[in-house]
Structures are given as structure tokens and as C-alpha cells.
Amino acid sequence: MAVIWSIAKTELRAYFDSAIAYVCIGAFLGGSALVFYTILFLQGQVSMRALFMPSLISPSALLALLIPILTIRLVAEEKRTGTIELLTTFPIRDSEVVLGKFLGALGLILAALLMTLAFTFTVATLGHLDWGPVFTGYLGLILFATALTALGVMCSTLSESQIVAAVIGVFLALGLYFVDFLHVLLPSGLGSFVQTISISHHLSDLSRGVIDTRDVLYYLSVTAIALLLAERSLARSHA
Amino acid sequence: MDGSSDALIEAHGLSKNYGTTQAVRDVSFRVSRGEVVGFLGPNGAGKTTTMKILTGFLRPTAGHAVLGGVDVAEDPLAAQAQLGYLPEGAPLYDEMMVVDFLRYVAELRGVAPGDRASRMRTVSERCGIVDVLGKDIVQLSKGYRQRVALAQAMLHDPDLLILDEPTSGLDPNQIIEIRQLIKDLGREKTIILSTHILPEVQATCNRILIINDGQLVADDSPEALTGQGAGAVIKLELKPASDSVTGDQVRSLLAEQPGVRAVDLLATEGDGVLRFSIRGKGSVDPREALFAAAVANQWTLLEMHRERGSLEDTFRRLTRGEAS
């Protein structure tokens, strides 16, 4: 446990020492603000839905792009520089390495999500805010970000080239995100399958204030499976 | 602890294949507590692979490694807890400050929180990195990097140090400093270090393993491998009293001298100068007898010196195939 915490802390600190974290958080907040205030001022709507609802240009779409970029260095960088050899010859488990790195990155991403509370308070001061959907919306975004972070860690273990790992990660994340938009074009069986696996589809209900256990389970399963595969992949890379 | 607990490292038939290439083939050896073992071999011979197997970083295709009685594959964490490892090229977290890096390693190594500060101080002093503790690792010179990597390996005060090319890329002064440090450490710890720099093992090790093409080809003390026990080699240059004496005649006379095992006529030069290479028997030094023979036969002795058999010769002989 102490080891996981120690790795998480170190990763989080490394993020704040690196430009990539500031660039990504800046892009996320800037993009989210743009979406939010555009709707606020152009449409004259005071709504939190824009923050939570998946769409082509939305905070969650930004996360699907930025989280793979942020998480890709976690293991790939250690493979490239060779420090992975230190880490894996310390008397610690591969699972501890994976969990520590996952939690470190998640800490950063949750901090970025926390900053969007500024929008919530804007809405709250401008008019009556229904806190129910805000709560479920944030729950949804947190679960969504958690699953994406786990997928990012998994992709990070796949290659020592950060570019290769990043390309795989971004394609996987954006693919899982945008595949949902294709379901109308597909025959119904395939369409509903696509919705089931889509990482954005499960955000819709939560963004409307509905907590469906299937959505929660989806995100938790994706997280668990991705972390498990990450651990396997890490173990295999030094076998 | 069982009876074999005196061996800190036991390698039993280690093999490692990468695809169809066999990087290491059936390598077995034991290292006892307190030994400083040099692991020699040409680049690509399998030194690093063997060390990576010992540290649990790589899993062997066949065979098993045992550290302090613990099988590395069965209980990697318990095996790894006993060792300090300096990987080849001293990979470190470049963006970290040295002191933060050491603290991180102490945490991951499970050094008790109360002992961390004192352990960090001890190894920093030992490795001479006190002055750079506040620097980012990326700013360090190669010599300092290597020391930080060594400090990292010693942080939890392990009995066993596995050092992969601890002096590679260093300048001569730095090499001497690191060697001295390793020598000092060798008084209290068991060390296995790899290198392809031969004087290094002669300077620091009391046992040498030579690996070639994935196989162990020698396992002995530096003295034995430098050929001092196998008889000295004398280079002799002389000029017979008259030109009518042939090189062969001189050779057979030389071969009759006590303490001489074999004589080779290396060259006959234009002015009648003959050059020989003479191999002595065991530990006998045949030089006095050779001198006496020269006086008795009225040869003019131009040069005579004993060559210390070099580790280099042994190394070349063992790693270049049996032909040479």
C-alpha cells in the first residue's frame, strides 16, 4: 500500500514538473470553458448539460483525447530510459507499479475535473441549479475519466515508443468515444452492441441525472480489465 | 538457512533465448558470501542477460537462479530484497532531484521511515554525491550519474551488489574512483560486476567468470587466469658466438635447461640475432639457468625478460575460439 502511494505521489509530482500536464489541463479547461460559455452566451441557456453530455465537441470528448496523451508516458517513458529495470527489480509487485501510476495520473485528472466546478458555480449564481444532475454528471465524468486513465496506463505498457503508445491510446479512446455516434447507421443488433462498448454512450444517462448500475458497472469493468491487462503486459515485458 | 547458505548466488543451468538466438546457454556458477566476482566477456556474450536473470528482471528460458537460498522465480520479492542492482547505463529518473530520487528508492525499497535519512546520508557520503543532492539528475556528469546509481543500489544496505558495467563511459579518473569504491565495498559485501575492461577485474575482483557466446568458459582466480601459476613466458634475444651455429642448435640447447618446458624460435634476423619465446615449467623461473647457458655457450645476451601472462591473453584465447 505504502509503495502504491509512493509511486502515485511521485507520478503526480512529475506531472507538475512537466509542461505536458499544464498544456493538457489548460487545453481541457480552455476547451470546456469555450463549450460552456458559447452555449451560455450564444444560446442564452444556463445549463450544465453541456458540461456532461457527450458530443462531438464536449469536455468528455476532450478528455478522450487528452487522457491518453497524459498517461502515455507513465510506463513507456520508463521503458525508453531503462528505469523500468530499476522499478521492476525493486522488491515490489508489477500490480503495485500499475496501480501507483494509475492513481498518480488519476489524481491529476480529477484535479482538472475539480477546476470545472467554477462553471457549476457560475450557473449556480446565475440561476437556479438542479444539483441532482450535476452530482450524477460529475459522477459520470469521474467514472469516465477513471476508465480512460486505466486504458491509458494499459496502452503505455504496450510500447517503449511513446509515439506508438500514444497513437494506440488516442485511437482506442477516441474510437470508443465516437463509435457511439455511428450506431444510427448500423443495423440494430450491431448498433446496440456498439452502444454497449462505447465509452461515451454510458455517459448520456448519467449526464441526465439517471444513475444506471449498468453504466457504473461498465466503467468499473473497463477500469479493472485495463489495469489487469496493464499488469500482464508489464510482467510480460520483462519476462 | 540450510547447508548451502554460504552461497549467496547460485545459478543453475541458466539459459535465455530471444526468439531463435540463444543469449545465454546453460550457465551455472555459485558465488559465496564475501566474494568479489568479475563477470567478463566480449560485448553481447550474455553478461547483461545473466545479470538481468539474477535480479529477476528477466525470466530464464531454462534453469533457475537462487539468491541467498531464495529462488528468484518462486519468490522474486524476497530475492530482490537482498540485492542492490546497478543496471547497465545507470538509468535514472532524469527529471528528479538526486535527494528526491534517493528518497523515492528508499520508500520503494521499504527502508524504515526512521532510517531513511541516515541511510541516505551514509550512502551519499560513501559515494561522494553529497554536493549534488540538490541537483536535478539530468544535470549530472556521467561520473556522478554512475555514483548516484551506485548509491541507489546500496541504500537498503544489501549483502549483495550486482553491478552491470559500473565504470562504462567514465573518464580514467572517475574509473579509478569508482574502482576504489567497489574495492572498499568488497570488504563487507558480495559483489558481482560485469565489465569488458580487463584491468578492472584484476584491480577489484578475487574471482573471474568469463562468458563467451552465452557460455561460461572460465571460472577461476585472477592469478590462475593470468597464467602465473601455469609457468612464466620468457622472451629471449641472443646472438651466438659464430654464424655457423644455427637457430635450431641453440633451441635444443635452451630446451635442455632446467625449468624450461618449451622453446619457440620466433625469428632469425639478418645479423645472426635469434629471438626465442620460452615457456617455463610450473612456478620455476628458468632465467638463471638460461643466463648460465648463454655464458657457457658464449652467446651474447641482448635481451631477456619475463612476461607476466596477461589476463588479456587468456581472455582472447577463451573468447576467440579454440583455434588461436
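In this text the structure is predicted, and so the values were computed from the model without any measurement. Hydrogens, waters and symmetry mates are skipped; everything else that's a heavy atom, side chains included, is used. Residue numbers start from 1 in every chain, and the chains themselves are labelled A, B, ... in the order their sequence lines are given, proteins ahead of strands.
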Asker: Chain B contacts: which residues in residues 56-82 of chain A have a non-hydrogen atom closer than 4.5 Å to it?
Answerer: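 Expected list: A:E78, A:T81, A:G82.
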
Asker: Look at atom OH of A:Y37 and say whether more than 12 heavy atoms of other residues, nucleotides or ligands are closer to it than 6.0 Å.
Answerer: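 Yes, OH of A:Y37 has more than 12 neighbouring heavy atoms, counting only those of other groups under 6.0 Å.
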
Asker: Are there residues of residues 111-144 of chain B whose heavy atoms fall under 4.5 Å of chain A's heavy atoms? If so, which?
Answerer: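 Near chain A, by residue number: none.
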
Asker: Can you list the residues of residues 91-100 of chain A that sit under 4.5 Å from chain B, counting heavy atoms only?
Answerer: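 A:P91, A:I92, A:R93, listed by number.
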
Asker: Please round to the nearest 0.5 Å and tell me the distance separating atom CZ of B:R103 and atom OG of A:S6.
Answerer: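 Going from the CZ atom of B:R103 to the OG atom of A:S6 covers 10.5 Å.
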
Asker: In the structure I gave you, are the side-chain heavy atoms of B:F101 and A:T83 within less than 4.5 Å of one another anywhere?
Answerer: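 No; the side chains remain at least 4.5 Å from each other.
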
Asker: Are A:D17 and B:M96 close enough, and set up right, to give a side-chain contact (heavy atoms from CB on, under 4.5 Å), and what steps lead you there?
Answerer: CA-CA 9 Å; A:D17 280 345; B:M96 274 192 186; over 6 Å; no

Asker: Report yes if some heavy atom in the side chain of B:K52 is under 4.5 Å from a heavy atom in the side chain of A:E85; otherwise report no.
Answerer: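 The answer is yes, as the side chains (C-beta and beyond) meet within the 4.5 Å cut-off.
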
Asker: Minimum heavy-atom separation for B:Y85 and A:L86, please, with both atom names.
Answerer: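 Scanning both residues, the minimum pair turns out to be O-CD2, 4.2 Å.
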
Asker: Answer yes or no: is there a side-chain heavy-atom contact under 4.5 Å between B:Y104 and A:I7?
Answerer: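 Sidechains of A:I7 and B:Y104: in contact.
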
Asker: So, using side-chain contact (heavy atoms from CB on, under 4.5 Å) as the criterion, who are the partners of B:T167 when residues are at least two apart?
Answerer: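 B:T167 satisfies side-chain contact (heavy atoms from CB on, under 4.5 Å) with B:L170, B:I175, B:I178, B:I197, B:E200 once adjacent residues are dropped.
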
Asker: Using heavy-atom distances under 4.5 Å, tell me whether B:D94 contacts chain A through its side chain, its backbone, both, or neither.
Answerer: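 Neither; nothing under 4.5 Å.
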
Asker: Which atoms form the tightest heavy-atom contact between B:L108 and A:V3, and what is the distance?
Answerer: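 Nearest pair, atom of B:L108 first, then A:V3: CD2-CG1, 3.7 Å.
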
Asker: Under a 4.5 Å heavy-atom cutoff, which of B:P91, B:G110, B:G89 has the most pairs with chain A?
Answerer: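 The residue among B:P91, B:G110, B:G89 with the greatest pair count is B:P91.
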
Asker: Assess whether side-chain contact (heavy atoms from CB on, under 4.5 Å) is satisfied between A:L87 and B:F57, documenting all intermediate values.
Answerer: CA-CA 9 Å; A:L87 205 53; B:F57 182 68; over 6 Å; no

Asker: At their closest point, which heavy atom of B:R59 faces which heavy atom of A:A235, and how far apart are they?
Answerer: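 So the minimum-distance heavy-atom pair works out to NH2-O, 4.0 Å.
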
Asker: Looking at B:Q80, B:H156, B:Q152, which one forms a side chain to side chain contact (heavy atoms under 4.5 Å, CB included) with A:F90?
Answerer: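 Of the listed options, the one satisfying the test is B:Q152.
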
